[in-house]
**Student:** 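Sharing a structure with you now.
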Amino acid sequence: MDIRALGYFVAQTDNIEEWKDYAEQVMGMMTSPTDEGGLYIKMDERPFRMLIVPGDEKRYLASGWELASQAAYKEAKQTLLDKDIAFEEADEALCQLRGAQAVLLVNDPAGNRHELYWGHISDCQPFISPQGVPAFVTGDMGLGHTVLPAPNFDETYQFLNEVLGFELSDLFNFKPTPDAEPVRIYFMHCANARHHSLAIAEFPIPSGCVHAMVEVENMTEVGRAHDRQQQHGVDLSATLGQHLNDKMISFYMKTPSGFDLEFGYGGLQLDWKEHCAFEFNRVSLWGHDFSVGEK
Ligand SMILES: [Fe+2]
C-alpha cells in the first residue's frame, strides 16, 4: 500500500469549546466549525489536520492515512479484498466531512480505526497562528505521528506491516519499572522522511491513543508552547526531554480528549535506503520524566 503520511486524526469530545480553546490558546492553531457541530483544527495550508467530533466519550477515534492517488486507493482496496479483511467505504457525507475523494475505513486487530483516503480537498489558505507560531513541520510528512495501543501486539504489527505496508524504523522494549516485564513499542514509517508516522505500544489505553505528535521549527516555539501549557493550567504528562531514537526535543501534555500531545522540534528525517533498524534501551537521552503525568 502506498501510504504517504498521517494526513489527519479524528478525536471525540463532549465539550467542543474546550478543544477550541486548547487548539487556539495552547497549541496555537486555527479552528473552524464543521457542519455537524464539530471542529476543524488547521495547522498548515490545508483546511484541517485534526477533526474533533461531538460525542459522549472523550477519546481518539481514527487516524487518516493519505494515499498518493486514485490508483493507490484502488490498489489499497484490492489488497483488503485479497486478504479478506473487513472494511467499509465512506459514504458521501463522510467523504465531505473528511475533505477527501474516497475513504476506506478499516480496523486493525487491536481495534484502532484507520481511514485510508486519497485526493484531499484544499483551499490552500495560509496558516496564521493566533499565538504567532510561524509554522508547523508538515507538508508531505503529514501532521506528525500517532502512537496507538496494541495489547495483541503480534497480530496488530503483522497487519500494519503486511497489509497497510508500514516498515519498522526501530524498536524498544519498555520496562515501566526495573522489575516489570518489558512491553514492546515499535516505531514505523511510511513513504516520507519522518522517523515515524506511527508507533504501537503493547498495552491498552482507554482514550484510544498513547499520544499524537506535532512538530515546530525550533526550540523557541517549543518553549513558547510550554509557557502556554503552564499559563492555561493544562496537565503536563512528561517534562521536556530528547528522545533517543528520533532525537526530538519535546514535552507532553494532555489533550481535551484524554490522550497526550507531544509538542516538539528537531525530529529526525531519514533516507530509508541508508537507515538500519535497531533496538534502543532507553526512551530519552535526557529529560522526559513521565512520572509528572501520574501525579
Ligand atoms: Fe512521540
Side-chain angles (χ1 to χ4, degrees), residues 5-9 11 26-27 29 43 49-50 60 63-65 110 112 114 136-138 141-150 153 156-157 160 166-174 176 183-190 192-203 205 207-219 221-222 225-226 229 234-255 257-270 275 277-294:
L6 178 63
Y8 62 79
F9 72 68
V26 184
M27 295 195 294
M29 298 178 185
M43 59 189 285
R49 289 291 195 171
M50 302 171 190
Y60 185 92
S63 309
W65 299 108
N112 303 304
H114 302 276
F136 288 88
V137 179
T138 58
M141 297 197 302
L143 82 89
H145 66 233
T146 186
V147 183
L148 302 174
F153 196 85
T156 305
Y157 176 65
L160 296 170
F166 288 94
E167 297 285 346
L168 192 66
S169 305
D170 44 42
L171 59 111
F172 179 52
N173 288 300
F174 174 56
V183 290
R184 288 171 287 178
I185 304 177
Y186 279 17
F187 298 81
M188 289 170 278
H189 61 272
C190 51
N192 71 63
R194 201 185 286 284
H195 174 275
H196 58 285
S197 292
L198 173 64
I200 49 170
E202 194 174 15
F203 46 80
I205 289 281
S207 67
C209 175
V210 181
H211 72 259
M213 184 284 294
V214 296
E215 184 173 1
V216 284
E217 292 176 323
N218 56 54
M219 189 62 215
E221 292 306 323
V222 176
H226 197 277
Q229 168 265 323
V234 174
D235 288 341
L236 193 69
S237 305
T239 59
L240 198 63
Q242 183 172 24
H243 282 302
L244 186 157
N245 63 339
D246 70 355
K247 304 295 185 286
M248 179 163 285
I249 299 180
S250 58
F251 71 95
Y252 289 69
M253 59 179 168
K254 276 271 172 283
T255 69
S257 287
F259 57 92
D260 286 343
L261 182 85
E262 178 180 11
F263 199 107
Y265 105 98
L268 270 185
Q269 296 175 25
L270 292 161
H275 180 69
F278 80 120
E279 177 184 338
F280 55 101
N281 56 14
R282 55 181 299 164
V283 181
S284 302
L285 296 169
W286 55 269
H288 284 150
D289 176 5
F290 279 91
S291 70
V292 297
E294 290 154 15

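The shown structure was predicted, so the numbers you read here are calculated from the model rather than taken from an experiment. Atoms within a ligand are numbered from 1 in the order they appear, just like the ligands themselves.
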**Student:** Using a cut-off of 2.8 Å, count how many protein N, O or S atoms are strictly closer to the Fe ion (ligand 1).
**Tutor:**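 Under the 2.8 Å cut-off, the count stands at 3.
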**Student:** Under a 4.5 Å cut-off applied to non-hydrogen side-chain atoms, are H211 and H145 in contact?
**Tutor:**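 They are in contact (side-chain heavy atoms under 4.5 Å apart), so the answer is yes.
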**Student:** Which of parallel (below 30°), tilted (30 to 60°) and perpendicular (above 60°) describes F136 and F263?
**Tutor:**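 Judged by the thresholds at 30° and 60°, the geometry between F136 and F263 is perpendicular.
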**Student:** Evaluate the ring planes of Y157 and F153, with Trp represented by its six-membered ring, and classify them as parallel (under 30°), tilted (30 to 60°) or perpendicular (over 60°).
**Tutor:**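 Y157 and F153: parallel rings.
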**Student:** Do the non-hydrogen side-chain atoms of F280 and I185 ever get within less than 4.5 Å of each other?
**Tutor:**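 Sidechains of I185 and F280: no contact.
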**Student:** Going by heavy atoms in the side chains, are T255 and M50 under 4.5 Å from each other?
**Tutor:**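 SC-SC contact between T255 and M50 ruled out.
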**Student:** Judged by atom type as modelled, is there a donor-acceptor pair below 3.5 Å linking the side chain of D170 to the main-chain atoms of F187?
**Tutor:**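 Answer holds: no.
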